[in-house]
Visitor: 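Got a structure here, written out as structure tokens. Questions coming.
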Amino acid sequence: MPGTTPIEILDGGDALALDLPVRGRRRFHAIWLRDNAWDEATRAPGNGQRLITLGDIPADTRIASARIEAGQIHVRFEPEGKDVAFDLGWLAGHAYDGKVERGIGWTAPEIETWDAMLGADIPIADFTAVGSDREALAHWLHGVRRFGFGKLTGGPVENGALFKVADLFGYVRETNYGRHFEVRTEVNPSNLAYTGLGLQAHTDNPYRDPVPTLQILYCLENSAEGGENMVVDGFRAAERLRDENPRGFDLLTRWCARFEYAGSSGVCLQSRRPMIELAPDGELVGIRFNNRSAAAITDVPFEDMAGYYAAYRRLGEIIDDASMEVTFKLAPGESFIVDNTRVLHARKGYSGAGSRWLQGCYADKDGLRSTLAAIESEERKAA
Ligand code: FE2
């Protein structure tokens with residue numbers, strides 16, 4: 001039980017240790033506690049934004065005393081002579097002491113990587129239901145966050161309907177391709193996405209910085225033979241590469257590739273980023289893979305270039321492996337969304353007979369996550 005073991009003040013007040021619900025005994029630094037105080041002089045009561053800078057907190061802040069009362073720990077900080085109460089549940093949820101070391105390429109707990117075995121378990125929802133029912137929307141968005149893609153059925157077959165998908169959770173990101181782009185056969189294609197050829201699975205626009213983090217593709221016509229859509233979990237592909245060739249994985253994370261698109265007048269988009277991106281603590285956070293817009297790689301040392309290319313080739317083989325892909329065909333009024341920093345997409349080749357017309361646009365996943373988190377917060381309050 002919290003409070004049954006005495007609070008220990010450690011290192012002359014630089015830290016304390018206490019027992020917390022579920023988490024057990026945890027230590028907290030005085031400066032961390034003081035910086036995370038929720039009193040009205042530290043945090044704005046309305047929006048919770050911090051009102052002071054770290055420079056306003058004395059560098060020699062220490063804990064003079066602490067006691068537990070009614071689910072809170074009351075801490076007195078010196079030299080300010082300031083008393084602050086912390087909710088024990090909040091501390092348990094934000095404890096940083098005793099974190100276990102996670103391996104290179106770990107993924108966040110809300111993420112689940114997948115391959116072809118995912119089968120029919122893809123996040124799928126009815127367009128009308130997610131537009132009118134917050135719970136249905138949250139369920140679908142939760143699936144999109146978990147798997148990095150999702151499908152909607154039963155939407156209107158009308159020009160611009162894709163914007164209504166973006167409206168469900170966020171905002172369109174406009175680019176040099178416009179607010180949206182048309183995906184259909186053109187006589188003089190300036191971009192291979194507009195022809196009838198199949199495409200290797202890729203992430204879109206790796207030449208942008210930052211890349212669009214979501215893509216929506218909305219089907220308006222699809223009577224041509226073939227033309228199925230296919231998705232591959234880039235995180236699972238990266239995990240496979242890491243497990244079979246740790247050095248190759250390391251090379252693709254450590255050195256930057258380069259990407260470029262200069263196929264339209266007045267446009268010269270260039271970026272320098274790794275194909276597999278890790279956070280500083282090893283979390284797998286992004287994939288950039290697109291043969292059409294790969295530029296000359298010039299940042300890899302001579303000694304590492306052969307190994308880099310071998311890893312790049314192997315990553316492509318893993319991505320092309322049929323055991324990795326989930327395939328589906330969109331009917332008019334159906335759409336899908338992908339996390340473009342994680343899930344690669346492709347189109348199978350299609351014949352010229354019939355017509356295929358999709359509209360695409362970009363959006364960003366901070367909006368999607370925000371909408372989902374807000375609904376989840378509402379649900380917790382209502383429970
Ligand atoms: Fe694409």
Side-chain angles (χ1 to χ4, degrees), residues 122 144 147-152 162-163 165-166 172-186 189-222 224 226-237 257-264 267 269-271 273 275-277 286-295 315-316 318-320 324-330 334-350 356-365 368:
I122 67 176
V144 173
F147 297 110
F149 79 107
K151 188 177 167 185
L152 285 178
L162 79 172
F163 298 131
V165 178
V172 168
R173 192 204 288 194
E174 193 167 345
T175 70
N176 57 294
Y177 299 129
R179 192 166 144 75
H180 82 285
F181 48 90
E182 304 286 345
V183 184
R184 61 201 309 184
T185 304
E186 288 184 356
S190 60
N191 185 314
L192 281 176
Y194 303 141
T195 74
L197 300 173
L199 296 172
Q200 187 186 30
H202 59 275
T203 61
D204 263 26
N205 296 196
Y207 41 77
R208 293 187 199 283
D209 186 8
V211 300
T213 51
L214 291 176
Q215 180 181 180
I216 297 163
L217 277 172
Y218 198 103
C219 179
L220 295 174
E221 293 175 15
N222 204 5
E228 293 89 354
N229 289 95
M230 182 257 272
V231 286
V232 172
D233 187 354
F235 281 7
R236 173 61 69 86
R258 291 191 183 233
F259 300 96
E260 181 173 314
Y261 177 74
S264 306
V267 176
L269 290 157
Q270 298 171 313
S271 74
R273 286 288 184 276
M275 290 192 202
I276 302 173
E277 184 172 2
I287 299 291
R288 291 174 186 80
F289 193 85
N290 190 318
N291 68 301
R292 287 168 291 146
S293 53
L315 179 61
I318 293 169
I319 287 166
D320 291 341
M324 296 291 286
E325 71 178 59
V326 168
T327 301
F328 49 87
K329 187 161 184 172
L330 293 180
E334 295 185 342
S335 58
F336 79 99
I337 183 169
V338 289
D339 176 347
N340 190 52
T341 67
R342 169 186 172 188
V343 172
L344 301 91
H345 62 278
R347 180 195 64 214
K348 305 273 188 178
Y350 63 97
R356 186 175 187 271
W357 177 22
L358 274 66
Q359 291 185 320
C361 71
Y362 299 116
D364 284 303
K365 66 180 182 181
L368 187 151

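All values reported here derive from a predicted model rather than from experimental measurement. Atoms within each ligand, like the ligands themselves, are counted from 1 in listed order.
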Visitor: Can you name the residues that form a ring pair (Phe, Tyr, Trp, His ring centres under 6.0 Å) with Phe235, not counting sequence neighbours?
Guide: none
Visitor: Which of the N/O/S atoms in His345 sits closest to the Fe ion (ligand 1)?
Guide: NE2
Visitor: Which single N/O/S atom of Asp204 lies at minimum distance from the Fe ion (ligand 1)?
Guide: OD1
Visitor: Would Arg179 and Phe163 count as a cation-pi pair here, with the cationic atom under 6.0 angstrom from the ring centre and within 45° of the axis?
Guide: yes
Visitor: Looking at His202, pick out the N, O or S atom nearest to the Fe ion (ligand 1) and give its name.
Guide: NE2
Visitor: If the condition is side chain to side chain donor-acceptor pair (under 3.5 Å), which residues does Glu277 pass it with, not counting sequence neighbours?
Guide: Arg288
Visitor: Counting only N and O atoms by type, is there a donor-acceptor contact under 3.5 Å from the side chain of Asn340 to the main-chain atoms of Gln215?
Guide: no
